[in-house]
Number of protein chains: 2
Amino acid sequence: MRIEVPLPKAYRLLNHGPVTLVTSCHQERMNVMAASWAMPVDFDPPKVALVIDAQTLTRELVDASGEFALNIPTLALASTVLALGSASGRTVDKWAHLSKIAAQRIQAPLIDACVAWLECRVLPEREIERRHDLFVAEVVAASADDRVFREGRWVFGEQELHTIHYMAGGRFHATGQAIDADAALTPIGRA
Amino acid sequence: MRIEVPLPKAYRLLNHGPVTLVTSCHQERMNVMAASWAMPVDFDPPKVALVIDAQTLTRELVDASGEFALNIPTLALASTVLALGSASGRTVDKWAHLSKIAAQRIQAPLIDACVAWLECRVLPEREIERRHDLFVAEVVAASADDRVFREGRWVFGEQELHTIHYMAGGRFHATGQAIDADAALTPIGRA
């Protein structure tokens, strides 16, 4: 079930560095692209940073609408993520095979098969957009699938629903084993 | 063994979103802090973005020196990472228990017990530093431990040497199982 995530905890959806799918829309045009280069930059109000290459259709739609969503996919979607990251929305209708759900606060649709969603409005930072393709945006709504995110934290069960991290060359790694650490500054040598 | 990573492949050390340890130094003063909010923003020359809170000693040292290093720790260091992220270098000598190695291109030392290192020089972007504590830097040297990074890719073996991703509340997740995907845009419903 899709549940609301309180905005001050929205950063937790993205804090571990999973690959994302960026959805965007302006008037009748929509697109989706894969992006590993997304991260939180603030807690409350939550903000994110995202790199959007200047040549992409997503850039055109985000520039025109001032909005995008970060959708967090799972291991079951690895091949889809790779495909969405390899083709351009200018030549392929990437939405043809994806089920949409409506966002709460923005026009861009969300991808139903993902497990977490951050709806974002761009904060105008024209200089870094131009020089580094880097966008800063405020998260205006956040939600997650309660099979894997409950009470403000990820709780992974079956392998197919784990989030994934992109390396290069078609290789992903699943988000793996949980480790609960106690802070300890003890002498450490070389591992 | 620590091996050089060619600069156009340096982004691969950070692409999967692991937690990092940021080392910094100015004249006689040195510090290290934990940071999850670091990501690549360009391939060649490689650039990274990093959030450095305005109140931290690291911010003071990075502002003064224009340099920092991103050190990538392993599961064996989870408790250390948590401790380094919980205390301020203004009150604790965080280096007291860490073995240093010399960087190649910057003054800040590297942490010997980590498995990858990106040496960075800040690109002045004063407006986003001030508004969002967000820094953009060029990677001027990169290296990795060849037990886990070889021929341009991560190859994880024993669990202790896996990189880790930070969630919240002391919880990390190891970088898990590798998945080699073939791009495929087939109809997908809800997972």
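Letters A, B, ... mirror the listed sequences (proteins, then strands); counts begin at 1. Here the structure is a predicted model, which means the values were calculated and not measured.
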Linked, directly or transitively: B:L13 and B:V22 (ILVMFWY side chains, under 4.5 Å): yes
Residues in residues 49-60 of chain A near chain B [non-hydrogen atoms, under 4.5 Å]: A:A49, A:L50, A:V51
Within 6.0 angstrom of A:E129 CD, more than 12 heavy atoms from elsewhere: yes
Shared hydrophobic cluster for B:Y166 and B:V32 (ILVMFWY, side-chain gaps under 4.5 Å): yes
Largest heavy-atom contact set with chain B, pairs under 4.5 Å, which of A:V19, A:V81, A:D133, A:T175: A:T175
Best-contacting candidate, A:S86, A:G176, A:A168, A:G17, against chain B by heavy atom pairs under 4.5 angstrom: A:G176
Heavy-atom pairs under 4.5 Å with chain A, option from B:S36, B:G85, B:P73, B:G169 with the top count: B:S36
Distance in Å, A:H173 NE2 paired with B:W154 CH2, rounded so as to fall on 0.5 Å steps: 9.5 Å
Within one Ile-Leu-Val-Met-Phe-Trp-Tyr cluster: B:L7 and B:F149, side-chain cutoff 4.5 Å: yes
Nearest-0.5 Å distance, NE2 of residue B:H16 to CD1 of residue A:I164: 14.0 Å
Within one Ile-Leu-Val-Met-Phe-Trp-Tyr cluster: A:V122 and A:M39, side-chain cutoff 4.5 Å: no
Top contributor to chain B interface from A:Q159, A:E127, A:K47 [non-hydrogen pairs under 4.5 Å]: A:Q159
Option that, when pairs with chain A are counted at under 4.5 Å, heavy atom only, ranks first among B:L123, B:I179, B:D180: B:I179
Side-chain donor/acceptor of B:D42 to backbone N/O of A:H132, under 3.5 Å: no
Winner by heavy-atom pair count (cut-off under 4.5 Å) against chain B, out of A:R12, A:K9, A:E125: A:E125
Segment of A:V41 engaging chain B (4.5 angstrom heavy-atom cut-off): both
Residue pair A:Q177 / B:H162, side-chain donor-acceptor N/O under 3.5 Å: no
Cluster link B:V5 to B:L161, ILVMFWY, side chain under 4.5 Å: yes
Top of A:R153, A:H165, A:R131 for chain B proximity - count of heavy-atom pairs under 4.5 angstrom: A:H165
Proximal component of A:L75, with respect to chain B [non-hydrogen, under 4.5 Å]: side chain
Plane angle bin for B:W37 and A:F43 - parallel if under 30°, tilted between 30 and 60°, otherwise perpendicular: tilted
Proximity breakdown for A:A96 and chain B, heavy-atom pairs closer than 4.5 Å: neither
Sorted by number, residues from residues 61-71 of chain B in contact with chain A (heavy atoms, under 4.5 Å): none
Main-chain N/O of B:D182 paired with A:S79 side-chain donor or acceptor, under 3.5 Å: yes
